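One structure is given here, and the rest of the page talks about it.
Residues: numbered from 1 along the sequence shown. Treat the numbers as computed from the prediction; the structure is a model and nothing was measured.
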Amino acid sequence: MGHTATQQAGSGGLKATEHRLANGLRVVLSEDHLTPVAAVCLWYDVGSRHEVKGRTGLAHLFEHLMFQGSAQVTGNGHFELVQGAGGSLNGTTSFERTNYFETMPAHQVELALWLEADRMGSLLTALDEESLENQRDVVKNERRQRYDNVPYGTAFEKLVAMAYPEGHPYHHTPIGSMADLDAASLEDAREFFRTYYAPNNAVLSIVGDIDPEQTLAWVEKYFGSIPSHDGKRPPRDGTLPEVIGGQLREVVEEEVPARALMAAYRLPHDGTRESDAADLALTVLGGGESSRLHNRLVRRDRTAVAAGFGLLRLSGAPSLGWLDVKTSGGVEVPAIEAAVDEELARFAEEGPTPQEMERAQAQIEREWLDRLATVGGRADELCRYAVLFGDPQLALTAVERVLDITPEEVRAVAAARLRPDNRAVLVYEPVQGAEDAAGTADEAAETDAEGEAAQ
């Protein structure tokens, strides 16, 4: 095998080694014999930011097509073989990547590697009009169920379109539009596969109860003969000014259960100290029931039934701070908005208290360690840092970087970015019939924000 390897210790003594096949496929291994399971995770460096006008949703559509069979696996065989072997699997699409993953009993890792290699190397032999039409309908139905036909369902899509101007690669969400889904042809799908589903545009991580030498031999056996492809076009530049420069606003009158105030703030790119500081700021302000906004709006004022503030991390464009407040009873949105601005201004002036800082860092640390503790979570993070930042080892030291952020850095990023002139605002006003509306779009927005696209 033609490869290079690196190894170094990370958080909690976790280690990873990196290797590269002659065709460009990057392979990351993390050996862990705690439980007899292993995860196989494959990230392709393609997401909705790579799409062009008129063909939005193609990355997500193709994620579904990858489960429609390949040269050696027909129809729904990928699911049947993995689940029949006691494993689980799925795939997701985001702005910046598409991933596929299996968690298997340790003795079934070879099966997962064979399946992933078969569709990487031979999917075009099985891709036809029938499978395209089948999955086009599945994706369109997914859009109806998660976005178009649920209360607040298109909020994320609307705010993204406001925060990233027309023509920006992040202006549209991964789900795409109905019109563009209808317009996608079989040749569009084939060209998309040829361009982006090549080994030199992917990172494969295998984590868990593995024998590294045997695992690398399997990777070489199944992936080594797949040819590379050099026709990939780089994503369009996602650079924008740090601050929007004026508040953007839209009022939506729909059948929703309650008034809502949602906003997206333009925040630093992922992979920077400023992004980690912003994550801590939003955790103090809106991360759970101990946060400032929850205490102010839900507990003290009782003007809201829910108040949250979270970070959508993006590496190729400014990240987004996502504010979501659902009002209580007949409370008007201006009262909520005034209280939010008051809390943000106070935080920008004073910063977090020592207790808030400690709690926020502990909360993010726990979330990170929980993620790295599972073979699937660690495999995904190793792929993420390899694809987006060039170094999988960064996944193992992410906690250290968060704990190194100072209260002043947190205050400074809040003062610079959490301002009225740096946000897109969406106000929901109920219309007649809203009392019959049920459920929320939280799952759909969260799904898109994290890149989920469940099969």
Would you kindly check if the NZ (Lys) or CZ (Arg) of K326 is within the cone defined by 45 degrees around the ring axis of Y152 and under 6.0 Å from the six-membered ring centre?
yes
So M66 and H78, do their side chains get closer than 4.5 Å, heavy atoms only?
no
Strictly by modelled atom types, are T92 and E63 linked by a side-chain donor-acceptor pair under 3.5 Å?
no
Decide, yes or no, whether a salt bridge links E337 with R423 under the criterion of side-chain N to carboxylate O below 4.0 Å.
yes
With a 4.5 Å limit on heavy-atom distance, are the side chains of L320 and Y164 in contact?
yes
Looking just at side-chain N and O atoms, do H50 and S48 make a donor-acceptor pair shorter than 3.5 Å?
no
In sequence, state the C-alpha distance, the side-chain angles, and the governing distance for R296 and D301, and then conclude on salt bridge (charged side-chain N to carboxylate O under 4.0 Å, His left out).
CA-CA 6 Å; R296 169 70 185 271; D301 296 354; 2.7 Å; yes
Any idea how Y44 and Y100 line up, ring-wise: parallel (<30°), tilted (30 to 60°), or perpendicular (>60°)?
perpendicular
For residues 164-175, the salt bridge (charged side-chain N to carboxylate O under 4.0 Å, His left out) pairs (sequence neighbours left out) are none
Pair D404 + R273: basic N to acidic O under 4.0 Å:
yes
Within-4.5 Å side-chain heavy-atom neighbours: V252 and K158:
yes
Check the pair L204 / L113 against side-chain contact (heavy atoms from CB on, under 4.5 Å), numbers first and verdict last.
CA-CA 9 Å; L204 172 68; L113 292 172; 4.0 Å; yes
Taking V46's backbone N and O only, do any of them form a donor-acceptor pair with T98's side chain (distance below 3.5 Å, no angle check)?
yes
Nearest 0.5 Å please: distance from the CD atom of Q135 over to the CG atom of L181.
11.5 Å
Approximate separation, where rounding is to 0.5 Å, of I206 CD1 and E116 CD
10.5 Å
Taking the six-membered ring of F309, is the NZ or CZ of R292 close enough (under 6.0 Å from the centre) and on axis enough (within 45°)?
no
Short N-O contact, R55 and E51, less than 4.0 angstrom
no
In terms of side-chain geometry, is the basic nitrogen of R417 or E274 positioned less than 4.0 Å from the acidic oxygen of its partner?
no
Chi angles and distances behind the salt bridge (charged side-chain N to carboxylate O under 4.0 Å, His left out) call for R146, E157
CA-CA 11 Å; R146 295 185 176 184; E157 190 173 50; over 6 Å; no
Between T56 (side chain) and G176 (backbone), is there a donor-acceptor pair under 3.5 Å?
no
Do V427 and M262 have side-chain heavy atoms sitting under 4.5 Å apart?
no
Do I175 and T93 touch side chain to side chain, with heavy atoms closer than 4.5 Å?
no
Is the backbone N or O of G238 less than 3.5 Å from a side-chain atom of H168, with the two atoms forming a donor-acceptor pair by type?
yes
Might you confirm whether atom CD of E342 has over 12 heavy atoms from other residues, nucleotides or ligands at distances under 6.0 Å?
yes
Is any side-chain heavy atom of Y147 closer than 4.5 Å to one of F156?
no
Heavy-atom count check: over 12 atoms from other residues, nucleotides or ligands less than 6.0 Å from R144 CZ?
yes
Taking T406's backbone N and O only, do any of them form a donor-acceptor pair with E409's side chain (distance below 3.5 Å, no angle check)?
yes
Gap separating the CG atom of L42 from the CG atom of N99, nearest 0.5 angstrom:
8.5 Å
Closer than 3.5 angstrom, by distance alone: can the side chain of N295 be matched with the main-chain N or O of S291 as a donor-acceptor pair?
yes
Is any side-chain N of the basic residue among E18 and R26 closer than 4.0 Å to the acidic one's carboxylate O?
yes
Could you check whether atom CD of E358 has more than 12 heavy atoms from other residues, nucleotides or ligands sitting under 6.0 Å from it?
no
Side-chain donor-acceptor pair under 3.5 Å between Y170 and E96, yes or no?
yes
CG/L280 to CZ/R359 distance, rounded to the nearest 0.5 angstrom?
12.5 Å
Has the side chain of S275 got a donor or acceptor atom that lies under 3.5 Å from a matching backbone atom of G271?
no
Should D209 and T35 be marked as a side-chain contact (heavy atoms from CB on, under 4.5 Å) after you check the CA-CA gap, both sets of side-chain angles, and the distance that decides it?
CA-CA 7 Å; D209 188 15; T35 56; over 6 Å; no
W43/L388 under side-chain contact (heavy atoms from CB on, under 4.5 Å): CA gap, chis, key distance, verdict
CA-CA 10 Å; W43 271 47; L388 299 181; 4.3 Å; yes
Please determine whether salt bridge (charged side-chain N to carboxylate O under 4.0 Å, His left out) holds for the pair K140 and D182, giving the CA-CA distance in whole Å, both sets of side-chain angles, and the decisive distance to 0.1 Å.
CA-CA 9 Å; K140 288 168 69 175; D182 283 333; 2.7 Å; yes
Could you tell me how the ring of Y385 sits relative to the ring of F389: parallel (under 30°), tilted (30 to 60°) or perpendicular (over 60°)?
tilted
Close side-chain approach of I405 and L403, heavy atoms under 4.5 Å
no
With distance as the sole test, does E356 use its side chain to make a donor-acceptor pair with the main-chain N or O of T353 at under 3.5 Å?
yes
Is the side chain of R236 donor-acceptor paired with the backbone N or O of G167 at a distance under 3.5 Å, no angle test?
yes
What is the minimum heavy-atom distance between G208 and V375, and which atoms define it?
CA-CG1, 3.7 Å
Within the distance-only criterion (no hydrogens, no angle test), does the side chain of D45 pair as donor or acceptor with the backbone N or O of A202 below 3.5 angstrom?
no
Above 12 or not: heavy atoms from other molecules or residues under 6.0 Å from CD of E242?
no
Between D180 and K53, does at least one N-O distance fall below 4.0 Å, as a salt bridge requires?
no
As a quick check of understanding, evaluate ring pair (Phe, Tyr, Trp, His ring centres under 6.0 Å) for F62 and Y196, giving each step before the final call.
CA-CA 11 Å; F62 209 91; Y196 296 109; 9.6 Å; no
For the pair D279 and R313, evaluate salt bridge (charged side-chain N to carboxylate O under 4.0 Å, His left out) and give the outcome as yes or no after the intermediate values.
CA-CA 9 Å; D279 201 355; R313 288 178 175 265; 3.1 Å; yes
State, with a plain yes or no, whether a side-chain heavy atom of T397 is found less than 4.5 Å away from one of Q393.
no
Would you call D32-K15 a salt bridge at under 4.0 Å N-O?
no
The side-chain contact (heavy atoms from CB on, under 4.5 Å) partner of S328 among T303, V305, L297 is V305
Without swapping roles, check the side chain of S319 against the backbone of L314 for a donor-acceptor pair under 3.5 Å.
yes
What distance do R419 atom CZ and Q247 atom CD have between them, rounded to the nearest 0.5 Å?
12.5 Å
D380 bridged to R378 by N-O distance under 4.0 Å:
no
Measuring from atom CG of L312 to atom CZ of F95, what distance do you get when rounded to the nearest 0.5 angstrom?
6.0 Å
Hey, is R346 close enough to E349 for a salt bridge, meaning N to O under 4.0 Å?
no
Less than 4.0 angstrom from a charged side-chain N to a carboxylate O is my criterion; do E332 and R259 meet it?
yes
